[in-house]
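Below is one structure, written out as C-alpha cells, with a few remarks after it.
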Amino acid sequence: MYKETIDEILNELKIDIDLVLYRVFKLNFFMVVVSHWVGCLWFMMGSLSKRLGYSENWLDADESNLSLSISHSDYGGFSVYLRSVYFAVVGMSTVGYGDIVPTNILETFYATIVILFGGLLLPAIVGGLAAYMSSFHRTEKLFRKRIARVRQYLLKIDAKESVLDKCRRYFDYHWYCQGGVIEQEVSDELPTSLSVEVAFQINGAKLNSIPFLKCCDDATKLLLVTVLQPRVFIPSECVVKEGERGSVMYIIQRGTLEVSCSQVKGPIRILSSGDFFGESCLLGSKTNRATVTAVEYCDCFTLNKDDFNEVIDGSPAAQTMKVNLANSIMESQASNKRAFQNMSRYPKCTELMLGSKSEEELPSTHHTLLPDSPLNLIWNVSLLAICIYNAWIIPFRLAFAHARDSVFLDWIFDALFFLDMILNYSYVSYFHDGELVTDTPKIKRNYMLTRFKMDLISTFPFDIVALLLLPKEASWSIIVQDGLRLLKLFRLRRHFGTLDTIFSFLLDHHITVAPLRLAEFLSGVILIAHIAACGFFTFARWKHSNADCTEGSSDCWEGTWIMRQIYNGKLPKDGGSEWQLYIRSLNWALPTLVVVVIGDVVPTTSPETLYALLWMLVGVTINASIVGNVANIVANLETDSSDFANAIDNIRNFLSVHHLSHDF
C-alpha cells in the first residue's frame, strides 16, 4: 500500500528517478523496516523474560557484560533500541548467533525463528539487489558491448586507424543523441497503433512545418509518419550528388548540411534543422541539380517516393497536395536559379549569405592534446594513481593521526592537479556530438561549464591555508588540515573514466579485460572497507585521547572495542602499533561489508554499535553488488560462444515444436 502511494506521489510530482536506484532503495527500505520489527520483538522478548521470572535475560546480560561498555540508558534509552536492531540484522544475516545471544528458552525459541526467517529473507533481498545492481546502467553496458563487438571486428579485418576513429566518433554521437537507445527496437516492442502515435509525437511537428503537407488530414499524416525512415550522415558524407537521379526526400532533424553546384564555386546554401530537400522526386524521377554534403553529424528522416504515393493514394487531399508540391518545386527552382545567377555575377554574395568572419572570429588552431592520445592516457593514468593514493592515505592519517612525513609529496601532487587544470583549460581537446573540438575558446568555455568548479574545490590547497592560519601548537590543527584534504577525493570519481580508456586500449591489442574488471570492482570494495575501518578505529581513538591514563597502558583503551581485543589476546597490552590496529580494524570492516557477518571484532559501546549497524546495512547492498557484478563478469567471459549456443538451442526447440526434420 505504502509502496504504491510513493509511486503515485512520484508520478504526480513528475519526478524522474532512475528505475534501478529506486528499486534498490525500496528493497533496502524494506530490509530496514523488517529489521526494526524484528528488533522491537527481540526487545519485547527480553522484557517478557523479566516479567515471566526467568533468572536471565539478554537485556541484563548485555548491560552487565564486563567486556562491553554498554548502558541501555545511553542516548535517552535509544541505546537499547540500537542493540535490539543490531541483533536483528546480525541474526538474520549470519549463520548462527552474533555477539548478542539468547539466555533462556523463550529468547532461544525467538532467536531460532529469526535465524530461520533471515535464512529465507536475506538471500531473497540479496538476490533481488544483485539482479538490480547487475542491471544498473544496463543500456550503457549493452551499448558499450555493441561498440566492443564492432571494434573487435574492425581489428580482425585490419581496418585502418581512420576507420576505427570514424566508428568511435559515430558511436559517441549516437550515445549523445539517443543515449544508446535504438528507436526501431523500441517501436517494435509497441502495438502498431501506439507505435504510430509515438512516432507522430516525435515527427509530427516536422511534417506540419512542410508547406505542401499542411493540407493533409490527420489520418494521412499519421500514415506518413510510419513510413519515415531515420538516417544518420557523418561529416563530409555526400547525401545527394549532382546529376544523379533521386528517389528520396530528406527532412533534417539535427545538424547542418551545405548545398553546392558545379556552376558556382563554394556553397550556395546552408541547410539546418527543419529544412528539407529532394522533394521533387515525389512527383517522378528527377535529376539532382545540386550536391548536398553533411558539414557535421546529421540526423534526417527520409520519405521514399513509392511510400509517399502509396500513403496519399485515396486521400481526399491527394490532388491538392500534388498541386502544392508542384508549386513549391517551381518556386524553389526559380529561387535557386536567381541565387545561381547572383553568385555567378557577384561572388561577394556568397560571403554575405554565409557570413564572413573577421580574423579575430576565426577559430584558434594552435596545437592541442587529443583526448585519446597515448600521451594523454599516460597523464590520466598518473593522475588516477595519485587519486588512489589520496583515497588511501587521507582517511588513514585522519583516523590514526599518522605523522605527515610525506607532506611535500602531497604538495607535489597538488601541483600536478593544478597543472592538469591548466592543460584541460587550454590544451586538451574534446569530443562533442562525435566531433573533435580543437578550438581554444570552445575548449575553455566547455571546461569552465563542466569541470572547473569541482576541479578547483579538489585542487585548491585548503590545508596549506589552514597550516598558515591555525595555531601550530594546537593538536586539533592537524586534524583540520587532514580533514580539509578529504576534498581531494572528489577527483577520484572523474578519473575512473580512465579505466575504461585503458580497457579499450587492451581490447584493441586483443587482451582480455574480464580479470581486470573483476580486480577493478574488488579494489573499489576494498577501498570502501578501508574507509569504514578508519572510521571504526576513530571511535576508539577518540575515547583513547580523552582517557586519563599512563601512555602505553591498556587502561587507555578501556571502554573500546580494542580493549576487548586485548582481553582476547588479539592485540598486545599497549594496543600495538598503528599497523596492528589498522589490520584489526580492517578485519572488522571486510567481513561486515563483503559477507555481512560478525567476526571476532565487535562493537562494545553504543556509538560503535550505531556505526557498525549502519555499515552492516550498507554491507547488504555491497554484498549484492559483488554477487551481481561477479556473475556478470564471469558470464561475459564467453558471451559470443554462449549467444551462439543459445541460438542453436532456440532453432532446435523451434524444429521440435513444429515437428520438423533436423536435416534443415
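What you see is a predicted model; the values in this text were computed from it and never measured. The figures that follow rest on heavy atoms only: side chains count, while hydrogens, waters and symmetry mates do not.
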Heavy atoms, side chains only, cut-off 4.5 Å: are [X] and [Y] in contact?
X	Y	value
C387	R491	yes
N288	E244	yes
V239	T293	no

Is there a donor-acceptor pair under 3.5 Å between the side chain of [X] and the backbone N or O of [Y]?
X	Y	value
T302	Q229	yes
K488	T459	yes
N327	V323	yes
N304	D306	yes
Y297	Y170	yes
N380	N376	yes

Tell me yes or no: between the side chains of [X] and [Y], is some donor less than 3.5 Å from an acceptor?
X	Y	value
T256	E296	yes
D313	N309	no
N424	R451	yes
Y447	D455	yes

Once rounded to the nearest 0.5 Å, what's the spacing between atom [atom1] of [X] and atom [atom2] of [Y]?
X	Y	atom1	atom2	result
L257	C300	CG	SG	5.5 Å
L492	S458	CG	OG	10.5 Å
F233	I252	CZ	CD1	9.5 Å
L303	M249	CG	CE	6.5 Å
E279	Y250	CD	OH	12.5 Å
L228	Q253	CG	CD	10.5 Å

Could you check I443 against Y425 for side chain to side chain contact (heavy atoms under 4.5 Å, CB included), going step by step and ending with a plain yes or no?
-> CA-CA 7 Å; I443 292 175; Y425 177 69; over 6 Å; no
Identify the heavy atoms of L271 and D275 that sit nearest to each other, and give their distance.
->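 Closest approach of L271 to D275: CA-OD2, 3.5 Å.
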How far apart are the closest heavy atoms of C261 and R289, and which atoms are they?
->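 That would be SG-O, 4.0 Å.
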Full working for side chain to side chain contact (heavy atoms under 4.5 Å, CB included) between L423 and L369 | CA-CA 9 Å; L423 291 175; L369 185 63; 5.6 Å; no
Member of I386, I502, L499 meeting the side-chain contact (heavy atoms from CB on, under 4.5 Å) criterion with V381 =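 Exactly one pass, corresponding to I502.
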Show your reasoning for whether side chain to side chain contact (heavy atoms under 4.5 Å, CB included) applies to L419 and W379.
-> CA-CA 11 Å; L419 177 60; W379 174 254; 3.7 Å; yes
Classify the angle between the aromatic ring planes of F276 and F212 as parallel (below 30°), tilted (30 to 60°) or perpendicular (above 60°).
->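 Answer is perpendicular, since the angle exceeds 60°.
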For the [atom1] atom on [X], are there more than 12 heavy atoms of other groups (residues, nucleotides or ligands in this structure) within a distance under 6.0 Å?
X	atom1	result
E310	CD	no
F418	CZ	no
K442	NZ	no

Determine, step by step, whether C298 and R254 satisfy the side chain to side chain contact (heavy atoms under 4.5 Å, CB included) criterion, reporting the C-alpha distance in whole Å, the side-chain angles of both residues, the deciding distance to 0.1 Å, and the verdict.
-> CA-CA 5 Å; C298 297; R254 183 188 292 108; over 6 Å; no
Would you check, one step at a time, whether the test salt bridge (Lys or Arg N to Asp or Glu O under 4.0 Å) holds for R231 with D299?
-> CA-CA 6 Å; R231 289 284 304 275; D299 283 327; over 6 Å; no
